[in-house]
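Read the numbers this way: they start at 1 and go in the same order the structure lists the ligands and their atoms.
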Amino acid sequence: MRKPVLLTPGPTQVPEEVLASASLPIMHHRTPQFEAIFEEAAENLKYIFQTENPVIMLTSSGTGALESSVINLCSPGDKVIAVNGGKFGERWIELCKAFHLDLVEISIPWHRTVKPEEIEKALKENPDAKVVFTTLSETSSGGVTDIESIAKITRTSPALLVVDAVSGLGVTPLYTDKWGVDVVVSGSQKGFMLPPGLGFITMNERAQKAMESSTLPKYYFDLKKAYKNHAKNTTPWTPAISIIVQLNIALRMMKEEGIENIFTRHHKLSEAIREGVKALGLTLYNEDTGDCCIAVNVPDGVDGGKIVKLARDKYQVTFAGGQGDLKGKIFRISAMGNVGPNDVILGLATIERTLAELGYSFEKGKGISAAICSLSK
Ligand SMILES: *Cc1c(COP(=O)(O)O)cnc(C)c1O
C-alpha cells in the first residue's frame, strides 16, 4: 500500500519522530518523570500561544476546549455575542444555546469573515455583553478573521474576547498577549501535527477573574481545578499521557523552527496552492482566504463529491469536501502542520488528474507548473 497523504485542515500529518514516541511504554502520570515532560510541554505551549499565561491541557477534542471556555466564563442568563460565519461559528451558537445564554448572533455569509465594525456595532448595541466568541480560521470556509483589529475593540470594552484558534494556531499569526486577546482555544490535531485528543485553553488575568465568579454547572471541565493542578505540573484527571509525550516532541520541533518561520512556511505553501488552482481556471470561495485552508469552488459540470472521493481512493491524497450548505460546491486543500513543498506539488498533480478524469478541461501541467514557480519565489 502506498502512503496516504493528508492535505486536510485536520487531522493533519504527524511527523515520524512524533508517531514513534507514542509507541513507548505508558508512563504513570503521577511521577516526577511525567511531570518533567508536562512542565517542558507547558512552557513551550506558552511560546506557540504567544502568551505569558498558563496554557491548560484538556483531554478532549477541540470542541471540549470550546465548551470549557463557555462554561468557565459565563453564568446562567449572561448576555454573549457570537459570530456565525461557518460550521465552527455555528458551533459557538449551538454551545451558547445549549447553556441557555442570552445570545446575540452576528450572522454573516460564509464567503467572508466578520468585520471589526460589525463587532463594534454589536457591542455598542449590547454594552452588557460579557463575552464575544469568534473564530480565527473558519475551517469550513477558508476565511481568516482579523483578530488583531477585533481585539483592539474588545480590549477597551468590558466584554472578553474568546477566539477559537483550533485550526489557526501554529499556522497563521495570532499574538495572544501582544494583541490583547483574552482567551484562546485550540486542539492537537491541526497545526500541532499530533493525533486528535488534546484540547488547549489559555486565559489572561481578566478572563481568569471571570472564571472565579462563573456559576454555570461544570465538573470534568472545571478549569479552576485544572489551574490548581497545572501549577504542580499535573492534571486533575488522568490525562492523555501518550499524546502529551508526543506533544512535547512536536513542540520542540516547532520551537526549533520558530513561530515566524512556521507562519512563513504555511504562507508560502498556501500561496503555491492558490497559484496552482488559479492556473487551472479555478476560483477561490472565500474573499478573506487565509493560510489555514484553501476553499476552491467546484467548477461547473463537475460533481464536487467525486473530486474528494477519487483523489482519496485512487490517488491516496485526502482533501476535504464542503460542509453543510457547501457540500459538493467547494473542496478544501490545506498545507497545515507537517506538510512540505513535495506534498503541495503532489496535491496539485492529484487535482489535475482528478479533474481531468471528471471531464473538466484545462491545459495539463499548468497547475503543477504554477505551484512550482510560486514555491521557487
Ligand atoms: C477542528 C476545529 C474545531 C474542533 O473540532 P474537534 O473535532 O472537536 O477537534 C473547532 N474549531 C475549528 C475552527 C476547527 O477547525
Side-chain angles (χ1 to χ4, degrees), residues 6-14 48-49 55-71 82-96 98 106 108 110-114 132-147 150 161-174 181 183-202 220-221 240 243 246-247 250 266 270 285-286 288-295 318-324 326 330-339:
L6 291 183
L7 293 175
T8 46
T12 60
Q13 305 188 121
V14 179
I48 301 301
F49 275 76
V55 180
I56 300 296
M57 302 175 221
L58 300 166
T59 297
S60 75
S61 81
T63 306
L66 297 180
E67 176 161 332
S68 72
S69 74
V70 174
I71 59 182
V83 180
N84 183 358
K87 200 73 205 158
F88 293 99
E90 243 172 51
R91 194 159 299 177
W92 279 133
I93 303 294
E94 287 164 6
L95 272 165
C96 293
I106 304 178
I108 55 164
W110 285 27
H111 60 77
R112 68 167 177 91
T113 57
V114 71
V132 177
F133 293 102
T134 55
T135 312
L136 171 63
S137 149
E138 181 40 88
T139 322
S140 62
S141 72
V144 171
T145 308
D146 180 2
I147 296 297
I150 292 171
L161 176 63
V162 179
V163 176
D164 168 356
V166 177
S167 70
L169 204 82
V171 179
T172 198
L174 175 63
V181 180
V183 180
V184 176
V185 176
S186 198
S188 56
Q189 79 274 25
K190 312 222 169 151
F192 287 96
M193 319 178 285
L194 291 167
L198 288 181
F200 305 114
I201 181 165
T202 187
Y220 182 77
F221 286 126
I243 313 180
Q246 291 183 294
L247 170 69
H266 283 96
S270 299
Y285 172 73
N286 206 302
D288 299 316
T289 184
D291 298 330
C292 297
C293 118
I294 291 114
T318 305
F319 304 122
Q323 295 169 287
L326 293 179
I330 60 164
F331 63 97
R332 294 171 295 149
I333 319 162
S334 174
M336 193 183 285
N338 181 35
V339 170

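Among residues two or more places apart in sequence or in another chain, the side chain to side chain donor-acceptor pair (under 3.5 Å) test is passed with Thr172 by none. By the salt bridge (charged side-chain N to carboxylate O under 4.0 Å, His left out) test, Glu67 is found to be paired with no residue, residues two or more places apart in sequence or in another chain being considered. Looking at residues two or more places apart in sequence or on another chain, you find a side-chain contact (heavy atoms from CB on, under 4.5 Å) between Ala82 and Trp92, Ile93, Leu103, Phe133.
For ligand 1, residues of the protein lying within 4.0 angstrom by heavy-atom distance are Ser61, Gly62, Thr63, Phe88, Arg91, Thr135, Ser137, Thr139, Asp164, Val166, Ser167, Gln189, Lys190.
A cation-pi contact, defined as under 6.0 Å to the ring centre and within 45° of the axis, is absent between Lys190 and Phe200.
Ring planes of Phe331 and Phe319: tilted class, angle from 30 to 60°.
Classification of Glu94 and Arg91 as a salt-bridged pair fails, no side-chain N sitting under 4.0 Å from a carboxylate O.
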